[in-house]
**Student:** 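Quick one: structure below, then a few questions.
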Amino acid sequence: MLAFLPCGVSGRAVGARGGSCGAWSRLTAVAGLAIACATTATTCFAADGPGAAPPAEVEMAGYLLVPHEQVPDRYNAGFSLYVAAWPLLGRYPGNRFQTGLFGTWMFAQYDGPKPADLYSDIEGGLGWWRDTRFATETPKFIMGGVARNFSEWANGPGAGKSRDWDKPLGMYGVAQLSPWVLWPPDGLNLRQGTCGQLVGYGYLPLPLVAAKATTAGQPVPTGGNCWTLFLNTGNFKGPVAFFTPFYWSRASLADPALAGMFLDSRPSHPNRALQMETQYVPAVQAVDAGGRTFARVAPTSFPRGPDGRSAVVHRVTAYERAALWDAVERWFAGGPVASGRIDPEAAAVHTFTGGGGSTWRIYPPGTPREKKVGLAWSSFATAEALDPHTYGYRWTRPLVSDTDDGPGPRVTLPEYYRLDTPAEGKPEWVVVPAADVPAETGLTGHRFTRPRAATPEPYTTPDDTGSCWKQPGPVAGPFTVRLGDSSVVTYHWYRFADQPALLNADLTAAEREALQARVEKLHRQWRRDGEYLPPPAIGSLADLDPALIVEPPPGLEVGHVPIVTRQAAGDAPLDDRR
C-alpha cells in the first residue's frame with residue numbers, strides 16, 4: 001500500500017523543483033521507505049518495502065473510430081452534427097491533458113486527387129487542450145480552422161496559434177457575427193456540470209463578401225466562402241462567427257500555384273472522418289514481484305442514458321448549397337427575407353451501422369508507435385447504432401461501473417489493467433479487478449489529483465492607441481463578466497465592420513461597408529431563439545455558460561458585436577454587465 005506524505009518529509013524537500021513535487025526518478029530514503037513525488041501531483045507517495053519504487057507515470061491515448069455511410073458528392077456546402085458533452089475525467093489533471101470529444105474534420109472538396117503537401121481544414125469541437133488556461137472538468141468549444149500545414153490555426157475571435165499580437169498566427173482569422181454571444185480566447189464555455197446533453201454545431205458558407213481576383217495587392221484570387229459556425233444549444237441558436245476568406249487564401253501569396261485550392265474557394269468534402277481523438281489521459285504503471293506489469297488509468301467516464309447505454313453522436317448531416325446559401329444570396333440581392341432555417345430537404349443525414357473500434361493504448365512517454373500496447377476495449381465496450389442516426393456504446397457490466405455523483409449519471413470505464421503477452425498474437429492490456437492488483441505495485445493506493453497551478457497568465461489585446469483595436473476602436477465599454485470557469489472577461493462593443501479581425505481581412509473600406517449592410521440585415525431578422533440547424537430527435541440540448549449570453553446596449557442592437565479584449569483570473573472587480 002502507499003502512504004501519502006507532504007512534499008518535505010522530516011523538513012526535507014523530496015525531489016523538489018521550485019516548491020513543487022519533482023520527478024519520479026528522484027528518490028530519497030526516509031525511515032526505511034522509498035519516497036518519490038509525482039510530476040503532476042501535490043502529494044508524495046511512500047511505497048512499502050526497502051528500495052520499492054512508486055508507480056511510474058505513463059499515459060493513455062488514441063482514437064475511438066465511428067464508421068458511417070457516405071453521402072453523394074453534391075452535399076458539399078457544409079455539415080452539422082450533435083455530440084454529447086460531458087466531463088471525461090472526474091478531476092481535471094492539469095495542462096498535459098488534451099483530448100477532444102467526438103468530432104470531425106472538414107476538408108475542401110477537389111475535382112481530382114487531393115493536392116500533395118496541402119493540409120488545411122476545420123477540425124474544432126469540444127474538448128480540453130494543453131494551452132487551455134482556465135480549464136475545468138467541463139469541456140470547452142473551439143473552432144479549429146487550420147491554415148496550410150498548420151502554419152496558422154484559428155480557434156475563435158482573437159484566438160489562434162500565436163499568443164503574440166506582433167505575430168498573430170490565426171488570431172485575426174475569425175470574425176464575430178453574433179451580437180449576443182461572447183467568445184473568450186480560452187474557448188467557448190458550456191454551463192458548468194454539463195453531462196450528456198447534446199451540443200449541436202456545424203459550418204455552412206454564407207455569401208457575406210464577394211470573391212475577388214486580387215489578394216493583398218497580388219494577382220491571387222480569394223473566394224467568397226464565409227464558413228460560419230452555427231450552434232444549437234439550450235440557450236442560444238444561430239450563427240456565431242465565421243472564418244474570413246483571407247484567412248485561407250493568404251497561404252497562396254507565398255505560393256500562387258495554390259490559388260483556389262482552399263476553403264475560401266472550394267466546397268466542402270461531404271464525407272468526413274468521425275472520431276474521438278485523445279492525446280493524453282494520465283495513468284500509472286508498475287511491476288509486481290513476479291515480473292507482471294499492471295497499469296491504472298485515471299477514472300474515465302462516458303454519459304449514461306436511462307437504458308444504461310451512451311449516445312455520443314447524433315444526426316451527422318451534410319448539406320447542398322440550396323440548404324441556406326441560395327436563399328441568403330437572393331435576400332442580399334433584394335429578394336425575400338431568408339429566415340435562416342437550414343432546409344432539411346437539401347440535406348443528407350449519414351447512417352450509422354454500428355461497429356467501429358478503439359486505438360486507445362497505455363504506454364510510457366516516448367514509446368515508439370509500433371510498441372504502444374492497446375486496451376482490450378471490446379471486452380467492456382460494444383459500439384452500436386442506437387438508431388440509424390445515433391451512435392453510441394453498450395457496456396459490459398461488471399467490468400464498467402455506474403457513477404451517479406457529481407454532474408450526472410455516467411459509466412466509468414475499468415481503471416486497472418494487466419499486460420498480457422500471449423505466445424501468439426499481440427500484447428494487450430486486459431481488464432482486472434482492483435482485488436487482483438498486487439499490493440506491492442502501489443497502484444490501488446495511487447490518487448489522481450488536480451495539481452496546484454500558478455495563476456494563469458491573462459489573455460490581453462494590444463493597448464497601443466494606433467492599433468486596429470483602438471482605431472477606429474470600440475463604441476462602448478469596457479464591460480466585465482465572470483464566467484463559470486472563474487475567469488473574468490472584459491469586452492467592448494465594436495461596430496461590426498470595425499472589429500479588428502475585419503480590419504485584417506484584406507477588405508477595402510467599400511467592401512467592409514457592403515459587409516456591414518448585409519450583417520445589419522441578419523441582426524434585424526435572425527434572432528438567438530430562431531430555428532436554424534435541424535433539431536435533434538433524441539436527448540436534450542446543453543447550454544452555453546449563461547454568462548456568455550449578453551444583450552447589446554441601447555442603440556447598438558443592430559450592426560454591432562461584442563469583442564473580448566481581456567480574459568484573466570477571477571480576482572478583478574466586476575462592472576455593470578450589458
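Residue numbers start at 1 and run along the sequence shown. Just so we're clear, the structure is a prediction, and the values are computed from it rather than from any experiment.
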**Student:** Of the options Gln279, Arg361, Arg96, which is the one that meets Glu59 in a side chain to side chain donor-acceptor pair (under 3.5 Å)?
**Tutor:** Arg96
**Student:** Using only atom types and a distance under 3.5 Å, with no angle test, would you say the side chain of Arg512 pairs donor to acceptor with the backbone of Ala497?
**Tutor:** yes
**Student:** Is there a donor-acceptor pair closer than 3.5 Å between any side-chain N or O of Ser120 and the backbone N or O of Val146?
**Tutor:** yes
**Student:** Considering only NZ, NE, NH1 and NH2 on the basic side and carboxylate oxygens on the acidic side, decide whether Asp506 and Lys212 come within less than 4.0 Å.
**Tutor:** yes
**Student:** Shortest non-hydrogen contact from Thr136 to Trp128?
**Tutor:** O-NE1, 3.0 Å
**Student:** Please check if the number of heavy atoms outside Gln70 that lie under 6.0 Å from its CD is greater than 12.
**Tutor:** no
**Student:** Can you see which heavy atom on Arg518 is nearest to which on Val209, and at what distance?
**Tutor:** NH1-N, 4.1 Å
**Student:** May I have the step-by-step check of side-chain contact (heavy atoms from CB on, under 4.5 Å) for Leu324 and Phe230, ending in yes or no?
**Tutor:** CA-CA 12 Å; Leu324 184 63; Phe230 283 78; 3.6 Å; yes
**Student:** Can Phe107 and Tyr119 be said to form a ring pair (Phe, Tyr, Trp, His ring centres under 6.0 Å), step by step?
**Tutor:** CA-CA 8 Å; Phe107 293 94; Tyr119 187 102; 5.3 Å; yes
**Student:** Would the distance check show the side chain of Asn95 and the main-chain N or O of Thr132 forming a donor-acceptor pair, the cut-off being under 3.5 Å?
**Tutor:** yes
**Student:** Going by side-chain contact (heavy atoms from CB on, under 4.5 Å), name the residues that satisfy it together with Thr461, two or more places apart in sequence or in a different chain.
**Tutor:** Trp165, Trp469, Thr565
**Student:** List the atom of Gln218, the atom of Leu253, and the distance in Å for their closest heavy-atom pair.
**Tutor:** OE1-O, 3.6 Å
**Student:** Between Glu513 and Arg495, is there a side-chain N and carboxylate O pair less than 4.0 Å apart?
**Tutor:** yes
**Student:** Answer yes or no: is there an ion pair linking Lys161 with Glu152, defined by an N-O contact shorter than 4.0 Å?
**Tutor:** no
**Student:** Do Asp545 side-chain atoms and Gln192 backbone N/O form a donor-acceptor pair below 3.5 Å?
**Tutor:** no
**Student:** Are the side chain of His389 and the backbone N or O of Val316 linked by a donor-acceptor pair below 3.5 Å?
**Tutor:** no
**Student:** Run the salt-bridge test on Arg163 and Glu457 with the 4.0 Å N-O cut-off and return the result as yes or no.
**Tutor:** no
**Student:** Heavy-atom distance under 4.5 Å between the side chains of Phe496 and His560, does that happen here?
**Tutor:** no
**Student:** Determine the minimum heavy-atom distance between Val550 and Arg528, stating which atoms define it.
**Tutor:** O-NH1, 3.6 Å
**Student:** For Ala383 and Gly355, work out which heavy atoms get closest and say how close.
**Tutor:** CB-O, 2.9 Å
**Student:** Mark yes or no for whether Arg266, through its side chain, and Asp264, through its backbone, hold a donor-acceptor pair below 3.5 Å.
**Tutor:** no
**Student:** Examine distances only and state if a side-chain atom of Glu320 and a backbone atom of Ala348 form a donor-acceptor pair shorter than 3.5 Å.
**Tutor:** no
**Student:** Return the set of residues passing side chain to side chain donor-acceptor pair (under 3.5 Å) with Gln109 (not counting sequence neighbours), or none when no residue passes.
**Tutor:** Asn76
**Student:** Test your reading of the model: is there a side-chain donor-acceptor pair from His350 to the backbone of Glu69, 3.5 Å cut-off?
**Tutor:** yes
**Student:** Nearest heavy-atom pair of Leu101 and Ala84: which atoms, and what distance?
**Tutor:** CD1-O, 3.8 Å
**Student:** Side chains of Thr138 and Thr194 only: does a donor on one sit below 3.5 Å from an acceptor on the other?
**Tutor:** no
**Student:** Looking at Glu277, is its backbone amide N or carbonyl O close enough to the side chain of Thr99 to form a donor-acceptor pair, meaning the two atoms are under 3.5 Å apart?
**Tutor:** yes
**Student:** With Leu258, which residues qualify under side-chain contact (heavy atoms from CB on, under 4.5 Å), at least two apart?
**Tutor:** Leu118, Arg148, Ser252, Asp255, Phe262
**Student:** Checking the side chain of Asn155 only, and the main-chain atoms of Ile142 only, is there a donor and an acceptor separated by less than 3.5 Å?
**Tutor:** no
**Student:** Are Lys237 and Tyr532 in a cation-pi setup, meaning NZ or CZ lies under 6.0 angstrom from the ring centre and within 45 degrees of the ring axis?
**Tutor:** no
